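Below is one structure, written out as structure tokens, with a few remarks after it.
Please read these numbers as outputs of a predicted model, since none were measured by experiment.
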Amino acid sequence: MKKLLTITAIIEAATGVGLLVAPAVLAQLLLGGSLDTPAALTVARVGGTALLAISVACWLSRENGRALVAAMLFYNIFVAGLLVYAALALSLSGLGLWPTIALHLAFAFWCMACLGSKR
């Protein structure tokens, strides 16, 4: 569980900083689209801030984070679902879209494995 939370903290921190600093670049890479309005850029930056908060929570919960892992399971399943919807129903595509979907699914399975273990 500690390794899961540590790696999650690092990845979510990097993504959060990316959304705060260069949200349009991340939108292009992930979805193949742009953030054309100040409102879209603001929402992306708010999302970046939320990812930084998730990163801090994961980092601080590395020793005993069972409840956080359950929340991260919910997060990873829903993010993967939203991104699959974006790809299939909205026809969005970017170089990083399917790898990001795969990463969130892998983290969801890792969360399930951690929650299922007796340790």
Side-chain angles (χ1 to χ4, degrees):
M1 198 171 300
K2 184 175 183 175
K3 187 182 284 189
L4 167 66
L5 291 171
T6 300
I7 292 171
T8 299
I10 293 166
I11 290 173
E12 298 302 346
T15 306
V17 168
L19 281 170
L20 284 169
V21 175
V25 173
L26 235 53
Q28 181 64 41
L29 180 65
L30 182 63
L31 302 171
S34 62
L35 301 173
D36 294 334
T37 66
L41 289 169
T42 301
V43 169
R45 288 188 171 112
V46 169
T49 303
L51 291 179
L52 284 174
I54 288 171
S55 172
V56 169
C58 287
W59 188 262
L60 296 175
S61 300
R62 289 172 297 145
E63 296 302 326
N64 183 11
R66 188 166 181 79
L68 182 58
V69 171
M72 293 305 298
L73 173 60
F74 177 84
Y75 165 75
N76 282 300
I77 288 171
F78 276 86
V79 168
L82 287 169
L83 293 176
V84 168
Y85 175 80
L88 300 179
L90 303 177
S91 300
L92 296 176
S93 64
L95 183 63
L97 182 57
W98 287 105
T100 301
I101 292 167
L103 181 67
H104 279 284
L105 289 174
F107 274 117
F109 284 111
W110 195 358
C111 287
M112 285 188 276
C114 286
L115 292 171
S117 74
K118 300 284 185 197
R119 297 183 349 180

For the atom pair [atom1] ([X]) and [atom2] ([Y]), what is the distance rounded to the nearest 0.5 Å?
{"X": "S61", "Y": "M1", "atom1": "OG", "atom2": "CE", "answer": "10.5 Å"}
{"X": "L115", "Y": "L73", "atom1": "CG", "atom2": "CG", "answer": "6.5 Å"}
{"X": "N76", "Y": "W110", "atom1": "CG", "atom2": "CH2", "answer": "11.0 Å"}
{"X": "C111", "Y": "L5", "atom1": "SG", "atom2": "CG", "answer": "7.5 Å"}
{"X": "I11", "Y": "T100", "atom1": "CD1", "atom2": "OG1", "answer": "10.0 Å"}
{"X": "F109", "Y": "I77", "atom1": "CZ", "atom2": "CD1", "answer": "8.0 Å"}

Hydrophobic clustering (ILVMFWY, side-chain heavy atoms < 4.5 Å, transitive) - are [Y] and [X] grouped together?
{"X": "I7", "Y": "I101", "value": "yes"}
{"X": "L90", "Y": "L26", "value": "yes"}
{"X": "W98", "Y": "L30", "value": "yes"}

Please find the pair of heavy atoms, one from [X] and one from [Y], that lie closest to each other, and give the distance.
{"X": "G47", "Y": "L19", "value": "C-CD1, 4.1 Å"}
{"X": "I54", "Y": "E12", "value": "CG2-CG, 4.2 Å"}
{"X": "A24", "Y": "L41", "value": "N-CD2, 4.4 Å"}
{"X": "L97", "Y": "A87", "value": "CD2-CB, 3.5 Å"}
{"X": "C114", "Y": "L4", "value": "SG-CD2, 3.9 Å"}
{"X": "L105", "Y": "A80", "value": "CD2-CB, 3.7 Å"}

Report task. Go through M72 and C58 one step at a time and tell me if the side-chain contact (heavy atoms from CB on, under 4.5 Å) criterion holds. Result -> CA-CA 9 Å; M72 293 305 298; C58 287; 4.1 Å; yes

Query - L83 and its side-chain contact (heavy atoms from CB on, under 4.5 Å) partner, picked from L31, L103, L92 - result: L31

**Report entry** Worked verdict on Y75 versus H104 for ring-ring contact (aromatic ring centres under 6.0 Å, His included)
**Finding:** CA-CA 9 Å; Y75 165 75; H104 279 284; 5.6 Å; yes

Query raised in the report: Got more than 12 heavy atoms from elsewhere within 6.0 Å of CG, L95?
Result: no

Query raised in the report: Less than 4.5 Å apart, any side-chain heavy atom of W59 and any of T6?
Result: yes

**Report entry** Main-chain N/O of L51 paired to S55 side chain as donor or acceptor, under 3.5 Å
**Finding:** no

